[in-house]
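One structure is given here, and the rest of the page talks about it.
Just so it is clear: chains get the letters A, B, ... in the order the sequence lines come, proteins before strands, and each one is counted from 1. Since we're looking at a predicted model, the values are computed, not measured.
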2 protein chains.
Amino acid sequence: MARPTIADIAERVGVSKGAVSFALNGRPGVAEATRARILQVAKEMNWRPHSAARALGGARADAVGLVIARPASTLGVEPFFAQLLSGLQAGLSRQSVAMHLMIVEDVEAETEVYRDWASAHRVDGFIIVDLKVRDPRIEVLEELGVPSVVLGGPGRHGSLSSVWADDREAMLSVADYLAALGHRRLAHVAGLPEFHHTQRRMRALRDSSRRLGLAETVSTTTDFSDAEGAAATRALLSRARRPTAIVYDSDVMALAGLGVAGEMGVRVPDELSIVAFDDSVLTRIAHPAITALSRDTFAYGRRLAEVMLALIEEPERRRDVKTATPRLVVRESTAPPGAWQGD
Amino acid sequence: MARPTIADIAERVGVSKGAVSFALNGRPGVAEATRARILQVAKEMNWRPHSAARALGGARADAVGLVIARPASTLGVEPFFAQLLSGLQAGLSRQSVAMHLMIVEDVEAETEVYRDWASAHRVDGFIIVDLKVRDPRIEVLEELGVPSVVLGGPGRHGSLSSVWADDREAMLSVADYLAALGHRRLAHVAGLPEFHHTQRRMRALRDSSRRLGLAETVSTTTDFSDAEGAAATRALLSRARRPTAIVYDSDVMALAGLGVAGEMGVRVPDELSIVAFDDSVLTRIAHPAITALSRDTFAYGRRLAEVMLALIEEPERRRDVKTATPRLVVRESTAPPGAWQGD
DNA sequence: AGAAGGCGCTAAACCGCTATAGTTGCCGGA
DNA sequence: TCCGGCAACTATAGCGGTTTAGCGCCTTCT
């Protein structure tokens, strides 16, 4: 048989479709003996649910949606994102929930996809990444009423649930550490300015520079690419009074920055300390290995999945989950500033 | 209105559901004037198709399936894969086709998912990655009769379509180049032995060593991780007669190998040449920059998407697409072997 | 003993859309 | 004038499930 339906099972067992449905979904309405027979036959016939048919009836789609509005070509570059995705999937897999993924050009297209998938009941919930400063997606999702979890926060995600890590606190720990080493002039190569966490990190660094009595810390925003990371570094190191330490918003940029330092004859860590926000293989295999704010990105993704699944189960209860603050892992790229720095 | 259906449109326009369906799907059976009015109203009411309902009727699901059987935690590490995924999605997005993604533990679970999605008509086709030497997935997919494209080949993919690049030829070009530089003792840090392309690469390198009259080339297989890449390198460099050049099956391992060389005081490229199979940001930002077999992975993924879409359109015509052979991009990590080598 | 209630099940409606057999009305041709 | 044929629709039957109303029948309580 091509594909057994519950009607086939019903016929074979000699009961009605409804009874089969009850039995297969573990709900009351059939005697245990009958249920056992139905399950037995279903197994024999190798029956499997037809999710489209279920979805039509308003039941679970067993999938969550992830829509990303980025130029697709830049996606593969970031280990962070890939790791996150892995963890997310790992978490979802446990309950056999699939991921419905789509990459689009811009936020308008993104919200369009939300409407589409929501109304077609293609997914049970959405995961929102790359939280923007004033994010138009929030209200669309609130209006659609589909369970949604925002990655990032705290705040700025309206009534939606969220999973986040304390970027600010992490950034403060970096500033404290560098100041303790004796650095007075820090610089920051940041990511996309429209991202919420970029703003948060810039502010954190500015605040702590002030608090610690350091020179004003300037942040240069980039598109997260190695090219712009390198360019920003080149500009910083060409200044008359160049920084003695640079904090990068991603590991790729930190690595690119390290390369630029080498190319310009600036020794790391003797003449320049480098810290990466976000850790991965890259920072570990670089030479010198790069001091980084590390977190278990895979676990972060898995946590995200858990919250998503829990929210689907119980949509009325909003969740706001703070995950572990990235902690500083000191490697070889940071040291007290050299004597020459005090020009 | 929560969610207009074609019945709502029909009522509003004053025609039957069937007429609306005809109009919306651009098929004959309605007068042009009527069609225009229907489309107009559908737009006004913000109607969108319910894919589950369509799928039930046997129509397109507008999604392709990608199931990956790897420990999820290793997925995020490889730029290659992430880039491929990006390109794939970019290609699919053009036709608003989504990707249904799932990461599973092993191949059994993987085939299970194929059966599931195929019978539930959740996807219109499958993309198969990580082609194994004797791959059990092939016959399952042949049996299911769902359009499928295998990434990898040539050969070994039964009656399924495929998209591939000529690994063998690429590897030969590496051997030729290194031999021309004067290297006589090569080594190969390969990937997972059960992968089809790993075998192909190992064979290519062995063959050409013989042909070029070089010392026998040994291949060490690994799990593609930086850790095993580093370990393999350490072992190779500890030998009495160590290789003067090492070819790595991935950029991450090449970078790890470069690190090990540094740590062991082996100068690159003076004492050791390094070549990476697969290019990415990593090879470019390493110091020294790593010579690599480069291809446009993003374009590769996009091509894969194109073939998939074409196959869905016309499933009876099998495709076998060879893409551009990765070409060697020489950077700073390769040079003629130093004089000391001829011990 | 009769009413009430619960169990185990069936029949049928329904979800949104597609496909197909019919129906209507209009035209031209014999 | 009647019929065939065609275009433009309508009505309806699925697709594979879930859900609800309802129907016997047996138990239990009064």
For a quick check under 3.5 Å, do B:Asn25 and B:Arg54 share a side-chain donor-acceptor pair by atom type?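 Side-chain D/A pair, B:Asn25 to B:Arg54: present.
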Roughly how many Å is it from [atom1] in [X] to [atom2] in [N], rounded to a whole number?
| X | N | atom1 | atom2 | answer |
| --- | --- | --- | --- | --- |
| B:Phe22 | C:dA19 | CZ | C1' | 7 Å |
| B:His50 | C:dT18 | NE2 | P | 12 Å |
| B:Leu56 | C:dG16 | CG | P | 12 Å |
| A:Arg60 | C:dC15 | CZ | C1' | 18 Å |
| B:Leu24 | C:dG16 | CG | P | 15 Å |
| A:Glu11 | C:dT10 | CD | C1' | 16 Å |
| B:Lys17 | C:dC15 | NZ | C1' | 10 Å |

Base, sugar-phosphate, or nothing: which does B:Val20 touch, judged by heavy atoms less than 4.0 Å apart?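 Counting heavy atoms under 4.0 Å across all strands, no contact is made by B:Val20.
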Students often get this wrong, so: under 4.0 angstrom with heavy atoms, is B:Arg48 touching a base, only sugar-phosphate, or nothing?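 Sugar-phosphate only.
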Would you say B:Arg27 places a side-chain N or O within less than 4.0 Å of OP1 or OP2 belonging to C:dT18?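 Result: no.
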OP1 or OP2 of C:dG16 sitting under 4.0 Å from any side-chain N/O of B:Thr5?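 No.
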With sequence neighbours left out, write down each residue that passes side-chain hydrogen bond (donor to acceptor under 3.5 Å, both in side chains) with A:Glu194, or none if nothing qualifies.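 Here no residue qualifies.
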For A:Tyr114 and A:Phe126, take the angle between the two ring planes, folded into 0 to 90°, and tell me which bin it lands in: parallel under 30, tilted 30 to 60, perpendicular over 60.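 Answer is perpendicular, since the angle exceeds 60°.
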Hey, can you tell me if B:Phe224 and B:His197 have their rings parallel, tilted or perpendicular (30° and 60° cut-offs)?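 It falls in the tilted class, 30° to 60°.
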Take atom CD of A:Glu314 as the centre, draw a 6.0 Å sphere, and report whether it contains more than 12 heavy atoms from other residues, nucleotides or ligands.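 More than 12 within 6.0 Å, yes.
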Could you tell me whether A:Asp320 and A:Arg318 have a side-chain N and a carboxylate O separated by less than 4.0 Å?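 Yes, A:Asp320 and A:Arg318 are salt-bridged.
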Of all nucleotides in DNA chain D with an atom under 4.0 Å from a non-hydrogen atom of chain A, which is the first and which the last going 5' to 3'?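 Extent of the interface on DNA chain D: D:dG16 to D:dT20.
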